[in-house]
Structures are given as structure tokens and as C-alpha cells.
J.: 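Here's a structure for you.
Proteins get letters first, then strands, A, B, ... in listed order; numbering begins at 1 in each. For clarity, every value in this text was computed on a predicted model and none was experimentally measured.
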2 protein chains.
Amino acid sequence: MSAAEETADGETSAWGEVTPDAARRLLIAAVEAFAERGYHATTTRDIAGRAGMSPAALYIHYKTKEELLHRISRIGNAKALEILRTASRGEGTPTERLADAVSSFVRWHAGGRTTARVVQYELDSLGPDARAEILALRRQVNAEMRGIIEDGVATGEFDVLDVHGTTLAVLSLCVDVARWFNVNGPRTPEEVGALYADLVLRMVGVK
Amino acid sequence: MSAAEETADGETSAWGEVTPDAARRLLIAAVEAFAERGYHATTTRDIAGRAGMSPAALYIHYKTKEELLHRISRIGNAKALEILRTASRGEGTPTERLADAVSSFVRWHAGGRTTARVVQYELDSLGPDARAEILALRRQVNAEMRGIIEDGVATGEFDVLDVHGTTLAVLSLCVDVARWFNVNGPRTPEEVGALYADLVLRMVGVK
DNA sequence: GCCGAAGGTGAGCGGGCGCTTAGCGTGCCC
DNA sequence: GGGCACGCTAAGCGCCCGCTCACCTTCGGC
């Protein structure tokens, strides 16, 4: 992977599907700006400037500033869902699959904090149609996590009183990593992933 | 308490310390607007309009729009700290105090979601000085929660590998309630508080 | 070597932003 | 009951926003 495919804080981006090159650079610039300042506090001049272009160039590749956020949200949420699915549908006991799911989901939110922040915290900045589309992806994420927990309850490995509530809490815990994780802090994404996998196994009552 | 002291979603606000009356009405209007749309997407005209005043009236009571956010943040974070301190410094075993702390902290974040959202998620919209002041309050919140966990480890009630990491996770779990809690959803703040207290006791390894 | 498509720029429009200012009404003090 | 401090409004200033438009390059096809 080339240096151009890394964002400023070092995370590797999976924006390879975005073409042409100029459109991808604009999108990566937008991710960084939205993550730093928030969608509404980011100007189109700032995004274009980070990508080394004039403000007008943005509108060759995107109809509006909101379309940029929409594209970022869809790709990012799809990636998060894919990560969770890979772990959830792998081999192993529910205990192993839950630990795998949590640790990889957390690693993505910590390591790709810039992207994850935008994906998880700028939902309300989208218009109704776009928000509805993203919410559909979120429901699939929820269903995937709930599926693992239900499997563990069925095999007797887990001891859970409220499956829906616990699912919500587990996902909330993982997602909120994007808010507080500090790349220059004392923990690596791998360490947080391992810690959280342990905590979640305790939450579902694994002996 | 009068109806005028309730925000739109029914939560009772502790803004009694804010005087005169017009300043309090503006502040409550700002809390609602910031929670709905976010700080940067909220206009001073919107805040003043919600309070039934002209845009200029805002500047009689507050120097800038940011001062409003700063005041809200300080009062709200102080309230959150007070709630946690009351539970943390009460009587009982560490197990009882932790359950009490989590359930009351969560009840505040769920029931007072409008305020809690602003308090917990608009930190980055503050300038450097104001942010530093709020961060000092947050460190006290962190220390209070960590204190309970350390007490439980000392008495042998808790089995925790990483005290700092677990403290972070517990607070993250509680705070994120403000993001997803829905007043019209299936759970009451009390139910979420009870569920979360149980989950957190599991996280710290209470038998 | 000419042409059209694709991708870019500089200048700027309409509008809404945060905030200011001049002046008005009201009630309290003496 | 005159003066004045206080709370508030109507109007609007200067700025920067998202976005557009007229025009300029570059380049592959024939």
C-alpha cells in the first residue's frame, strides 16, 4: 500500500473503490476534516484545500457537501458490517466468535478512529433519505451481534437476562471507542480490542 | 417545579442557579437546540426564537454563543460529577456503591438525555481554555469511578485485570447512553440503569 | 493537427451567519 | 413626577458560507 492511501493519523483507508483519483483525494480530505471539526464546522474550501484543489473542483465530483458525507457513511458502515460478519460467521464456539467479533470491531474503531468518528457520530447531519439508508445498515450490524449472543445463550455458554439490552450495550461500548481513543495514548488498538473482548465475555456471563 | 422549568422532552432541568429568568430561558432553549442539531448547526436566531426573544436579546446575557455552551457544559458536568460522588461516597460495600453509581449515572444520562448529549458530545466545540476547564471536571469523574473499582479490588470483591482500562470502559458505556437512548423507546431510564448496573458488576468480576 | 471530452481554475453570487448599535418602553428611587 | 438604569427590539454590518459559471488546459482518437 502506498503512502497516499494513508490518512494523516496513519490509519489505512479502504477507499480504493472510489475513483477517479481526484474524487478519492477529496473524500479522504473530507473524512479528516469532518473527524476533526465535525460536518457543520467544515467548509468546502477546507476540504478542497486539504486535497490541494480549488473549492470549485469539489463540485465536479460531488453534487453537494452532503453527498460527500453520505458516500463516506455508506462505505464506512458497510466496512464495519463486513468486519463484524467475518467474525460472526467464522468457525468456533459462540464464545470464540464473540471475542473475535468484539476485538476486530474495536480494533477498527480505534485504529481507524478518523473514519469511525465520522461514520458513527455524523449520522444526524444526513438528510432523511440518506439517514434511513444508513440506519438499515446499522440494523444489520445489530442483528449480527445479537445473533452471536443468541447462539451462546442457546448452547448454554452465555448467561444473559436481556439479550436485546446486552446487544445494545456491547455495540455501544465498541462504537464509543471512536470517541475517546487517542492514537498517541498509552494503548494500541490491539490492546483495547483484547481488553474489550474480555470485558464483553464477562458481560455475557462466560465462566 | 413549574412547567417552564421542563425542557421539551420532559426532563427536569437543574438550571435553577441561572438568573435572571430571561438568561435561564435562553440557556434552556440553547440546550434543546444544541442537542437536536449540534452546536455548529444551531443559530443564535434559533436559540432566541425558542426563548421567545429577538436575536439581540441573547447578547445582553451572554457575550457570545460559545459562552452559552461553556455555561451549559460546566453546570452539566458539575451535576454529573455530583451524582457520581453522592453514590461513590455513600455507605455500603464497593459492590453496592458501584451498582448505585452506575445506575444513577445512567439514569441521569437517559432521563436528561437532552442535556447529557450537549454535555458529553459538544466538548470539541469549546475553545481551548473552556475545554481545559471541562476536562478537569472529567478527570474528577474518572477518578471517582476508578476509586470505587480500586476499593472493590482491595477488598477482594472485584476481579479486575486493568483498573484504568475497565474504568474507561465503564464510563464510556454510561456516557454513550446519551447517544442512543430514546425517550419514546421501550426502556425507561430506571430499567436501563438496572440493566447497566448488572452488566458493570459482571465486568468487574463480582461473583 | 484538429476536436471534443474530462478535469480543472478564478471570480463571484445570493444568502444566512454571529454580533452590534441606536433607540424605545417600563418601573424604581427620591 | 422627572431621571435614569435596565431589558429588549428593529435594523443592519461585515463576513464567509455553499455553490455556480465562464473559461482554460490537457490529452487520446483519427
Side-chain angles (χ1 to χ4, degrees), chain A residues 4 15-73 118 122 124-131, chain B residues 4 15-73 118 122 124-131:
Chain A
W15 306 117
E17 64 183 87
V18 181
T19 53
D21 188 71
R24 182 168 54 247
R25 282 189 291 131
L26 283 164
L27 192 131
I28 292 172
V31 170
E32 292 174 12
F34 292 161
E36 270 178 35
R37 307 206 216 299
Y39 175 77
H40 287 292
T42 298
T43 70
T44 53
R45 284 163 177 82
D46 181 24
I47 297 170
R50 283 172 192 251
M53 295 168 145
S54 76
L58 197 151
Y59 294 90
I60 295 164
H61 301 283
Y62 302 95
K63 233 166 48 98
T64 62
K65 178 178 140 184
E66 197 197 318
E67 193 194 324
L68 261 169
L69 178 60
H70 185 192
R71 288 265 249 267
I72 292 167
S73 259
V118 179
E122 295 290 353
D124 290 344
S125 303
L126 289 170
D129 292 354
R131 179 159 59 240
Chain B
W15 305 116
E17 64 182 87
V18 181
T19 54
D21 189 70
R24 182 168 54 247
R25 281 190 291 132
L26 283 164
L27 191 130
I28 292 172
V31 170
E32 290 174 13
F34 292 162
E36 270 177 37
R37 307 208 217 299
Y39 175 79
H40 286 292
T42 298
T43 70
T44 54
R45 285 162 177 81
D46 181 25
I47 297 170
R50 284 172 192 251
M53 294 167 145
S54 76
L58 197 152
Y59 294 91
I60 294 162
H61 301 283
Y62 302 95
K63 233 165 49 98
T64 62
K65 178 177 139 184
E66 197 198 317
E67 193 194 323
L68 261 170
L69 178 59
H70 184 191
R71 287 266 250 268
I72 293 167
S73 260
V118 179
E122 295 290 353
D124 290 345
S125 302
L126 289 169
D129 292 353
R131 180 158 61 239

J.: With a strict under 4.0 Å distance from non-hydrogen atoms of chain A, what nucleotide opens and what nucleotide closes the contacted stretch of DNA chain D, reading 5' to 3'?
T.: dC17(D) to dC21(D)
J.: Can you sort out the partners of A56(B) under side chain to side chain contact (heavy atoms under 4.5 Å, CB included), two or more places apart, ordered by chain and number?
T.: S54(B)
J.: Please round to the nearest 0.5 Å and tell me the distance separating atom NE2 of H70(B) and atom CG of L126(B).
T.: 6.5 Å
J.: Can you pull out every ring-ring contact (aromatic ring centres under 6.0 Å, His included) where at least one residue sits in residues 29-51 of chain A? Sequence neighbours excluded, please.
T.: F34(A)-Y39(A)
J.: Output the residues of residues 59-71 of chain A in contact with DNA chain C, where contact means a heavy atom of the residue under 4.0 Å from an atom of the strand; sort by number or write none.
T.: I60(A), H61(A)
J.: Write down the atom of I72(B), the atom of A30(B), and the distance for their closest heavy-atom approach.
T.: CD1-CB, 4.0 Å
J.: Taking only residues two or more places apart in sequence or in another chain, which ones pass side chain to side chain contact (heavy atoms under 4.5 Å, CB included) with A29(B)?
T.: I47(B), R50(B), A51(B)
J.: Which value, rounded to the nearest 0.5 Å, describes the distance between D124(B) atom CG and R131(B) atom CZ?
T.: 6.0 Å
J.: With the threshold set at under 4.0 Å for non-hydrogen atoms, list the residues of residues 44-57 of chain B touching DNA chain D in residue-number order.
T.: R45(B), M53(B), S54(B), A56(B), A57(B)
J.: Applying salt bridge (Lys or Arg N to Asp or Glu O under 4.0 Å), can you list everything that pairs with R45(B), at least two apart in sequence or on another chain?
T.: none
J.: Can you list the residues that meet the side chain to side chain contact (heavy atoms under 4.5 Å, CB included) rule with P128(A), with sequence neighbours excluded?
T.: none
J.: Quick one: side chain to side chain donor-acceptor pair (under 3.5 Å) partners of E67(B), sequence neighbours excluded?
T.: R71(B)
J.: Considering only nitrogen or oxygen atoms on both sides, find all protein atoms under 3.5 Å from nucleotides 3-5 of chain C and state each distance.
T.:
none

J.: Taking only residues two or more places apart in sequence or in another chain, which ones pass side chain to side chain contact (heavy atoms under 4.5 Å, CB included) with A48(B)?
T.: none
J.: Can you tell me how far the CG atom of L69(B) sits from the CD atom of E66(B), to the nearest 0.5 Å?
T.: 7.0 Å
J.: Can you list the residues that meet the side chain to side chain donor-acceptor pair (under 3.5 Å) rule with D129(A), with sequence neighbours excluded?
T.: none
